[in-house]
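The figures here come from the full heavy-atom set of this structure, side chains too, leaving out hydrogens, waters and symmetry mates.
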Amino acid sequence: MPDPEHIPSLIQTLPNNPGVYQFINDTGEIIYVGKAKDLKKRVSSYFNNNSGQNGKTQILVTKIHDIRYILVETELDALLLENNLIKKYQPRYNVMLKDDKTYPWICIKNERFPRVFSTRKVIKDGSLYFGPYASVKLMNSILDLIKQLYQLRNCNYILSEENIVKQKFKVCLEYHIGNCKGPCEGLQTENDYNETIFEIKEIIKGNLHVVTNHLKEKMTRFAESEDFEKAQLVKENIEELEKFQSKSTVVSPTITDADVFSITTDEKNGYVNYLKVVNGAIIQGHTVELKKKLDESPEELLSIAITELRQRFHSITKEIIVPFFIDIKLPDIEFHIPQRGDKKRLLELSERNTEYYRKEKLRQEELVDPERHTKRILQQAMKDLRMKEEPRHIECFDNSNIQGAYPVAAMTVFKDAKPSKKDYRHFNIKTVEGPNDFASMEEVVYRRYKRMLDEKQSLPQLIVIDGGKGQLSSAVKSLDKLGLAEKITIVGIAKKLEEIYYPGDSLPMYLDKKSETLKIIQQIRNEAHRFGITHHRKQREKGTIKSELTEIKGISHTTAQKLLEKFKSVKKVKETSEQQLAETIGKAKAKIVFEYFRK
């Protein structure tokens, strides 16, 4: 195996042509396959500016001992060759496209008088396979339609010309009940049977209009020759086809044939949905999962999936609808990024399918292995928030006051990414005079963690402060006093744009609006806000009674409550006559209240 020191000189000799390159390790194993418009420029980029690469790519580069390449004529050739080499060698650092062996296919068997059936095994024997079908219901409806329209054999006899001439077989029950025309006894010609197979292929491909037109021509010929019985049978077939087509997902008569692709990604995977549209109707829908290896971009993943899926589904459609620009040029193919109209709605449908598939995968993962699901979320949060450990214990603080009155604070707790309501706490502000959110935050954070230290409780890995830089700085002051500032990650979340602030950083960090990390932070913040508002409302109700009525000597809490329930406000109590007050709380107490407000 060549020494890696020869790589710089090898790169200098690479051509500036399109092609596919292979990175080889010290044992001669292919560890990565890639495509390039310009081989020299692309391969050089791996060895220049390593600081800008992610960690996995840097590791890959250290393992390269040799480089091989194959020149091709076009970008399409490069795409196809890359795809085939990845499937053949399954290199360690390439995206892994999960196999769909569990999905069924429709097979047209490579034999005389071909059988048509569903299978989950794809055998390379020259047979035609259509699929895979993510929806078994859709596949079965196509097979049911074929069964209604055509009389095909389902036996496994070897119907060679010699065997038929020698009369080796006899017709079975399927012939007698009208499901087969008896090719085993030579009762149906091969040409007639193959004409049926041609129409079946068109139906499976979604080209129903081709079959319908063909049947209409046949019906006309039978009618002209006055073979009305056969003409009626053909007419019934046409009606069945039209009924089937009416059940297809019709997009728009303005859209003819198109392939639609959309993608959503997370930390480890990409999910690509493919919709095949023929004559304005969706005839196939399929979603694949791609395992990332080198933190590939959505553009890279989508280009891989487009190549693979068009090959798999034998697509020759000239229009491809995508959500964003992809830097690949395919001969006679137009990429379209719709901004409005039917094509935009079609893309949005594909995107909903992609997101639904992703959520279903995550939901299944959570059901099968809840700890693994939690671990994935916490690992992602650790990375997003630049932490050194998983945030298995998170606490969030929120201040609540109305016009500065009755300041309180709330703290909510999440453990393993889920609310731990038994650990929620309320705080009445004790040391702060007047409306001062910053000082109130400083007080409650200090009280909370001073107590935890005194009681030797385990501390959270992450503290979330509901507010911007001001509230965050106040909370950090308390952590400094307690010697915890360097031991616990603390962030602030500002409501307006959901910005994440770090202590000492003048500029906020913006997390992806769809990220699970942001959703966890929003959820715990919303919980703190709800919990704090509830407590504040109770305090406010008590405070209103206390400040306005219970200061009157001789008037109890109960009496004050009766007055507020009857007259709704202290202002109304002031304006009420002594006689009306007496009807609610008696003459003696009514006189006290009435005289108090008229001093």
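- The CD1 atom of I524 sits 9.0 Å away from atom CE of M411, with the distance rounded to the nearest 0.5 Å.
- Checked against ring-ring contact (aromatic ring centres under 6.0 Å, His included), Y501 has no partners two or more places apart in sequence or in another chain.
- The main-chain N or O of T27 is found under 3.5 Å from a side-chain atom of N25 such that the two form a donor-acceptor pair.
- Remark: the backbone N or O of Q311 is not paired with any side-chain donor or acceptor of S315 at under 3.5 angstrom.
- For Y424, the ring-ring contact (aromatic ring centres under 6.0 Å, His included) partners at least two apart in sequence or on another chain are F531.
- A side-chain contact (heavy atoms from CB on, under 4.5 Å) with L302 is found for exactly one of T265, T307, V272, namely V272.
- The side-chain hydrogen bond (donor to acceptor under 3.5 Å, both in side chains) search around Q461 returns none, not counting sequence neighbours.
- Taken from CG in L462 to CD1 in I521, the straight-line distance is 6.5 Å, to the nearest 0.5 Å.
- In this structure a side-chain-to-backbone donor-acceptor pair under 3.5 Å is present from K293 to R92.
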Q. After noting the C-alpha distance and the side-chain angles of Y21 and E82, does the key distance pass the side-chain hydrogen bond (donor to acceptor under 3.5 Å, both in side chains) rule?
A. CA-CA 9 Å; Y21 55 91; E82 178 198 39; over 6 Å; no
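- The cationic group of R386 lies under 6.0 Å from the six-membered ring centre of Y502 and within 45° of the ring axis, placing it in a cation-pi geometry.
- Not a single donor-acceptor pair under 3.5 Å links the side chain of E527 to the backbone N or O of R525.
- The heavy-atom pair separating D416 from T374 by the smallest distance is O-CG2, 3.5 Å.
- Classification of K469 and D505 as a salt-bridged pair fails, no side-chain N sitting under 4.0 Å from a carboxylate O.
- Residue E499 comes nearest to P508 through the heavy atom pair CB-CB, 3.6 Å, listed as atom of the first residue, atom of the second, then distance.
- With sequence neighbours excluded, the residues that form a ring-ring contact (aromatic ring centres under 6.0 Å, His included) with Y274 are F261, F313.
- Under the salt bridge (Lys or Arg N to Asp or Glu O under 4.0 Å) criterion, E299 pairs with no residue, sequence neighbours left out.
- Of all heavy-atom pairs spanning K292 and D266, the tightest one is NZ-O, 2.8 Å.
- With sequence neighbours left out, S474 forms a side chain to side chain contact (heavy atoms under 4.5 Å, CB included) with F438, M441, E442.
- Considering all non-hydrogen atoms of both residues, S118 and L143 come closest at CB-CD1, 3.9 Å.
- Between the N353 side chain and the L349 main chain, a donor and an acceptor come within less than 3.5 Å of each other.
- For the residue pair D125/N110, the side-chain donor-acceptor check at 3.5 Å is not satisfied.
- Note that CD1 of I67 and CD1 of I24 are 9.0 Å apart. Values are rounded to the nearest 0.5 Å.
- A donor-acceptor pair is defined here as one N or O able to donate and one able to accept, closer than 3.5 Å; no such pair exists between the side chain of Q380 and the backbone of I377.
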